[in-house]
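Keep in mind that what you see is a predicted model, and the values were worked out from it rather than measured.
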Amino acid sequence: MPLALVALAVGAFGIGTTEFVMMGLLPEVADDLHVSIPTAGHLVSAYALGVVIGAPLLAAVTARMSRRTVLIGLMALFVAGNALSAFAPGYDSLLAARFLSGLPHGAFFGVGAVVATNMVAPERKARSVSLMFLGLTVANIAGVPVATLMGQHLGWRATFLGVGAIGVAAIAALALLIPHDHTHAPAAGLRGELAALRSLPVWLALGTTVAGFGALFAAYSYITPMLTDAAGYADASVTLLLALFGVGATAGNLAGGRLADHSLRGTLFGGLFSLVAVLALFPLLMSTPWSAAVAVVLLGAAAFITGSPLQLMVMEKASAAPSLASSANQAAFNLANAGGAWIGGLALAAGFGVTSPALAGAALAVFGLGVAGAAYAVDRRRVVPQTQAGRERVVASYVPQQSESLHN
């Protein structure tokens, strides 16, 4: 695997850290800025909104630029957003800085996935994407816990300065390791890029991402009360258990990349089936501390097995605009984050029990299987007519030759 993937993973590590660390720093931020914790929670939403808006927008407007230049520019915007967060004088300015920090997130992963797959042989494409995503999953093991401890002991502003420093290191790695390339826009320009997203298979792939990862976040958004109220863990143990989720996500991500290079569709269906099973068993697994710890690892593994297959599938379905489609998939991931948390919250508010968000997630994963099945059916219908048309062209070109030889 090319060493350039390390540069992409470093950038992904910084992005993953800044995305999730705010959840652990809400009390400190709320106290310092004199706002309530629910109000401080809007800082999480502002980042997600920045991802959803920035992912397709930045990928589209940078379509005629070198991918290397785009990646460095996106990481520079990431550094600026975190620096402004560190020096924000008040809540409103911090809200704007968090939105700015989220803008480059999706486009970086989208363009980075295209760069990663272009540097390897076709049979290693999914594995290359999984290695870039490795930075994101490792951030949940090391980056987020360390950044949270830094914020608790040195102040939350120090956390964002530290994340900004990771971004500077990523810029240096990108400049050193990513090869120079030429512009990559299609002849149709921005209009051609947008037209590539009109395909039904692309939207079905994006819908699978929303449903599949929505299933994850329906449960993961409420994992803390499950661990404390159902499994009986102390609050102080939750950080370590969330690191176990990162371990499972890392293992699932690496396994998914390797398996998808052999069977992309099979890995996707297998991952979704696994996610349904794990979430359906969550109420039982949360009954004892040891099984709850196993459940957290299995949840991360089952969810992230599908990460690189989904990313690669979206890119293949929109081959005329892979950067834009790949970035749109990251926007879909963040829609899944918000939508899954909302659906899980509905189950909890309805009084179905502390583990009910996991069952809601299982239902979402079943829906994701249905969307993936519909995508497979559409692909099958498109392949058969093309095959038949190919046979007709062969017959049409063969018959005249046969007639001519008989005439002679």
Side-chain angles (χ1 to χ4, degrees), residues 1-16 51 53-81 102-122 124-136 166-197 202 257 307-308 310-333:
M1 286 291 175
L3 192 59
L5 293 176
V6 175
L8 296 173
V10 172
F13 178 81
I15 289 174
V51 177
I53 293 176
L57 178 62
L58 292 178
V61 300
T62 59
R64 293 188 178 277
M65 298 173 61
S66 154
R67 290 190 178 109
R68 179 178 182 271
T69 302
V70 171
L71 288 171
I72 293 173
L74 291 171
M75 193 50 58
L77 183 59
F78 169 83
V79 172
L103 285 175
H105 176 130
F108 181 88
F109 279 107
V111 176
V114 177
V115 171
T117 55
N118 285 345
M119 289 190 295
V120 299
R124 289 176 173 263
K125 284 187 175 183
R127 207 176 309 178
S128 70
V129 173
S130 71
L131 289 176
M132 181 187 69
F133 284 165
L134 186 64
L136 180 64
I166 296 174
V168 172
I171 291 175
L174 291 168
L176 181 64
L177 299 176
I178 299 295
H180 290 273
D181 62 327
H182 302 289
T183 57
H184 59 280
L190 178 58
R191 182 175 297 178
E193 289 263 325
L194 294 175
L197 294 184
V202 172
S308 52
L310 281 169
Q311 191 77 23
L312 195 58
M313 185 175 293
V314 170
M315 291 163 59
E316 289 181 349
K317 300 305 178 187
S319 56
S323 297
L324 180 57
S326 184
S327 300
N329 194 52
Q330 293 300 311
F333 179 88

Point-to-point distance, once rounded to the nearest 0.5 Å, from [atom1] of [X] to [atom2] of [Y]:
X: Ser308; Y: Met132; atom1: OG; atom2: CE; result: 9.5 Å
X: Leu134; Y: Arg127; atom1: CG; atom2: CZ; result: 13.5 Å
X: Leu71; Y: Leu174; atom1: CG; atom2: CG; result: 6.0 Å
X: Phe133; Y: Gln311; atom1: CZ; atom2: CD; result: 4.0 Å
X: Ile171; Y: Phe78; atom1: CD1; atom2: CZ; result: 9.5 Å
X: Ser130; Y: Leu136; atom1: OG; atom2: CG; result: 12.0 Å

| request: Could you point out which residue of Leu77, Ile53, Val70 forms a side-chain contact (heavy atoms from CB on, under 4.5 Å) with Leu58? | output: Leu77

| Donor-acceptor contact below 3.5 Å, side chain Arg68 vs main chain Ala175 |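 Flag set: sc Arg68 to bb Ala175 pair under 3.5 Å.
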
| Do Ser326 side-chain atoms and Gly110 backbone N/O form a donor-acceptor pair below 3.5 Å? |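 Between the backbone of Gly110 and the side chain of Ser326 there is a qualifying donor-acceptor contact (under 3.5 Å).
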
Non-hydrogen atoms of [X] and [Y] that approach each other most closely:
X: Met75; Y: Ala170; answer: CG-CB, 3.9 Å
X: Val10; Y: Ile166; answer: O-CG2, 4.1 Å
X: Leu131; Y: Ala9; answer: O-CB, 3.8 Å
X: Pro56; Y: Ala331; answer: CD-CB, 4.3 Å
X: Ala59; Y: Ser327; answer: CB-OG, 3.3 Å
X: Pro179; Y: Met119; answer: CD-SD, 4.0 Å

| Close side-chain approach of Leu8 and Ile178, heavy atoms under 4.5 Å | yes

| field | Check: Phe109 ring centroid to Phe333 ring centroid under 6.0 Å | value | no

